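Working notes, beginning with the structure itself.
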Amino acid sequence: MRFLARATACDKRKLSSDTAHHQAATFLGIMDTSSNPYADPLDAAFDAPSAEPGPAPDSGPAPARPGPDPAYLRGLNAEQREAVLALDGPVLVLAGAGTGKTRVLTTRLAHILATRRAWPSQILSVTFTNKAAREMKERIGALIGGTVEGMPWLGTFHSIGARILRRHAELAGLKPNFTILDQDDQLRLIKQVIEAENIDEKRWPARTLAAMIDGWKNRGLAPADVPDGDAQAFAFGKGRNLYALYQKRLKSLNAADFGDLLLEPIAILRGNREILDDYQHRFRYMLVDEYQDTNVAQYLWLRLLAGANKNICVVGDDDQSIYAWRGAEVENILRFERDFPGAKVIKLERNYRSTATILGAASGLIAANRARHGKTLWTDTGSDGDKVRVQGVWDAEEEARNVASEAENLHRKGQPLAQMAVLVRASFQMREFEERFLALAIPYRVIGGPRFYERAEIRDALAYLRVIAQGDDDLAFERIVNKPKRGLGDATIQALHNHARAANVPLFAAAAELGETDELAPKARATLAALTRSFDRWRQQAPHLPHTELAEMVLDESGYTDMLKADKSPESAGRLENLKELVRSMENFESLTAFLEHVSLVMEIEQNDGGPTDRLNLMTLHAAKGLEFETVFLPGWEEGLFPSQRTLDEKGTAGLEEERRLAYVGITRAKSRVFVSFAANRRVHGQWQSALPSRFIGELPEAHVDNVAGEGFYGNYGGGGFRDNQSGYGTQAFDSTYSSPGWRRAQAQRGSSSPFTNAHEGARGRSATIDAKARVVTTADSGASAYAVGARVFHQKFGYGRVVAVEGNKLLVDFDKAGSKRVMDAFVGKA
DNA sequence: CTCGGCAGAATTTTT
DNA sequence: TTCTGCCGAG
């Protein structure tokens, strides 16, 4: 048990990195294994060139098994139990929303381990997100003790793919230390390839080709496999060739993109019988989470690995497949039984999350879809609960006001803000809500917004580190060669490229060479020489000091931090702060390479940005999958926005069904309350557009819905409007609107002007501002809207600061991190 | 080479 | 409306 103590004392984040597994493995290897029942004798040997395949299950240590009903099985319902216990042969678990899917998955793993059916290293369990992987590790740890780090093959498709590819890199024409490119790098590279072929990048944008290449890779297609029709679609048939050239460039850069992390292992497994045998033998059990989201490549990968023993268990929900646009094939889950004959299919339909009303509404909606296995969620929790409230409003601003005030209501009644979420279809919808929350000083958190590692300053810092770790990394070198500005412009870069190509060396080497010769202007030459010398120095230092110190040194000596310090813009302080955060996060890794590997596969960072913990959640519907909240707000249910017109145009019925699944996901996130709303007018790209309520509203069973007329909903829809809405949204549902006092008042105010004109803009804008103020006054406990000089305040965007001056309702605030800013008093709260 | 101005495009995005 | 990327002037 000494082991357990040490394991839990370890930093959890450390354990989540792939390289940490190696360490954990070594750690396990040198341990006194007799004290840890799950210590895995195989894992330590994994990296040996010819690792012995594991012992047959029955040749392992004697199964000292707990009695007939181990603790971890208690509390499972019959279906869940079956899903946990059905270990032999293929199993498809159709797990509806809120039916305890993760619990089944983790319990199943625990069961395999506890019954000694396999060692931890003989189980392959794949998830899509790092978050899901982390959660599984934690939950398994909780079930069987803190031995999670002994599960080397629990991870995302991509991290496991990367692991396999690193092990056999040479078979794919790569070195084991290859770089993993993210979207940004990928796009840059594709652009270079297009330009090198003299194709007009304006006419044939790199983004388009990037999307096509991704699509091909998702479908498991190497350049040679790309069908003619597909290849025809880009630059008069040059698509395939460009794809091939891109792949060639990747190899010469010793780099792989995300797609390659799946594709290359497939090629390796297909082309090398012994390797395939080794893995097939190794993985006695396979588990796949979110199977409905797998694409063809992932499917092929799984089929290859499942090979011989076919102990594969996939868990998913066809009704929650919302990533077809990213290559996911709902087909995979729909045809599982055909792919794996004799598969056992278990449906989890008992929902432990939502009220009967919410389930009824969600089921009624999803029933309109044709392509599905068909499940009926049920619950037996007491009362039916509140009906789904559907409300029509004038515009997005009113929508945000309603949501915010409803959230405040619930909050006053004791519901934590963190138990509420606003789920939008597209991120541009978030703005209105953020503004409103800011104005009311409602703490909120945006989930899935811009990623930490995608910020420019972070990517720059990483580029420096990448060049140090991997001199071949041209993309990284190019990124920072003139950042901070060193006077190395296009001309010099071009010369570098030419030289690199002629001498067939990486850019960095070319830079070093050009720093010696006199091909370049003296100034550029001296700068290049100085830069390459700096890198040489950093590389020399690297082994001798902690990588965090190295990072600090690099950022300082390169002039990068000075550049930010000299920058007077309000963001620069935050950028410096981010860099500090980056260095802090590096502490959790053993080495620079371990850190870089983590960064490329895990695009997130644990945020400890202070501020209140109880915050209202704001995110896209996609980001909400897998989460649950007491109350869910679903704004923007309008034709064109949701379902999205573009999806409808591009994907037709299939697209509509995916949008409907998205709506289903949204509703089923709620435990007790759902508020749907739609706005009659919305500003899209600065243009006002009118909209009709979404057809999904009409598809919600009437019995579970409560229609409410918003105060600002004027219902003046000319000849169109709800009455003609082909969705069949009932006229009677809104009849009350037309005669409500609110509506009459509104009519009186507005006269006969049409809501389709811009006439309302000024008036509405003004009244909203007044309203916002009024709300601030009523919410602030003192009733005062002005702050005194010297008061500590908190601003959602700029953080904490001190009031320096007050001018009417504007404050001059000296923010701790963001510097001096002029802000409206309504946008800050008392610190 | 650098900065400023203007045109054109703007869903969803697990890795 | 707002951001990005490109082009022309200094």
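Quick caveat, the model's predicted, so the values are computed rather than measured. In what follows, chains are A, B, ... by sequence order, proteins preceding strands, each numbered from 1.
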(request) Using a 4.0 Å heavy-atom cut-off, write out nucleotides 7-13 of chain B from 5' to 3' as B (base contacted by protein), S (sugar-phosphate only) or - (no contact). (result) ---BBBB
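- Look at CG on A:D257: it is 16 Å from P on B:dT15, rounded to the nearest Å.
- Between A:T492 and the phosphate of B:dC1, there is a side-chain N or O to OP1/OP2 separation shorter than 4.0 Å.
- The residues A:D293 and A:K625 are annotated as salt-bridged, a charged nitrogen and a carboxylate oxygen being separated by less than 4.0 angstrom.
- Per the geometry, CG belonging to A:D184 stands 17 Å off P belonging to B:dT15, to the nearest Å.
- For the pair A:R425 and A:W637, the cation does not sit on the ring face, since its NZ or CZ is not both under 6.0 Å from the ring centre and inside 45° of the axis.
- At B:dC1, none of the side-chain N or O atoms of A:N482 fall inside 4.0 Å of OP1 or OP2 (strictly under the cut-off).
- For A:R431, a side-chain nitrogen or oxygen approaches OP1 or OP2 of C:dT2 to under 4.0 Å.
- Using a 4.0 Å heavy-atom distance criterion, A:A132 is classed as making no nucleic acid contact.
- A salt bridge is defined here as a Lys NZ or Arg NE, NH1 or NH2 lying under 4.0 Å from an Asp or Glu carboxylate O, and A:K191 with A:E195 fails to meet this definition.
- The number of heavy-atom neighbours closer than 6.0 Å to CZ of A:R207, taken from other residues, nucleotides and ligands shown, is 12 or below.
- The CZ atom of A:R486 sits 11 Å away from the P atom of B:dT2 (whole-angstrom rounding).
- At the heavy-atom level, A:D182 lies nowhere under 4.0 Å from the strands shown.
- One interatomic measurement links the two molecules: CD of A:E454 to P of B:dT15, which rounds to 10 Å at whole-angstrom precision.
- The phosphate of B:dT2 (OP1 or OP2) has no side-chain N or O of A:K483 nearer than 4.0 angstrom.
- Between the CD atom in A:E478 and the CD1 atom in A:I493 there is a gap of 6.0 Å [rounded to 0.5 Å].
- Residue contacts for A:K191: at a heavy-atom cut-off of 4.0 Å it reaches the sugar-phosphate backbone alone, with no base atom in range.
- Rounded to whole angstrom, the span from the CD atom of A:E597 across to the C1' atom of B:dT15 amounts to 12 Å.
- In this structure, CD of A:E195 is placed 12 Å from C1' of C:dG5, rounded to the nearest angstrom.
- A salt bridge does not link A:R436 to A:E432: none of the charged side-chain nitrogens sits closer than 4.0 Å to a carboxylate oxygen.
- A:F178 carries A:R166 over the face of its six-membered ring, with the cationic atom under 6.0 Å from the centre and within 45° of the normal.
- Regarding contacts with the backbone of B:dC3, a side-chain N or O of A:K485 is found under 4.0 angstrom from either OP1 or OP2.
- When rounded to the nearest whole Å, the span between NZ of A:K217 and P of B:dT15 equals 18 Å.
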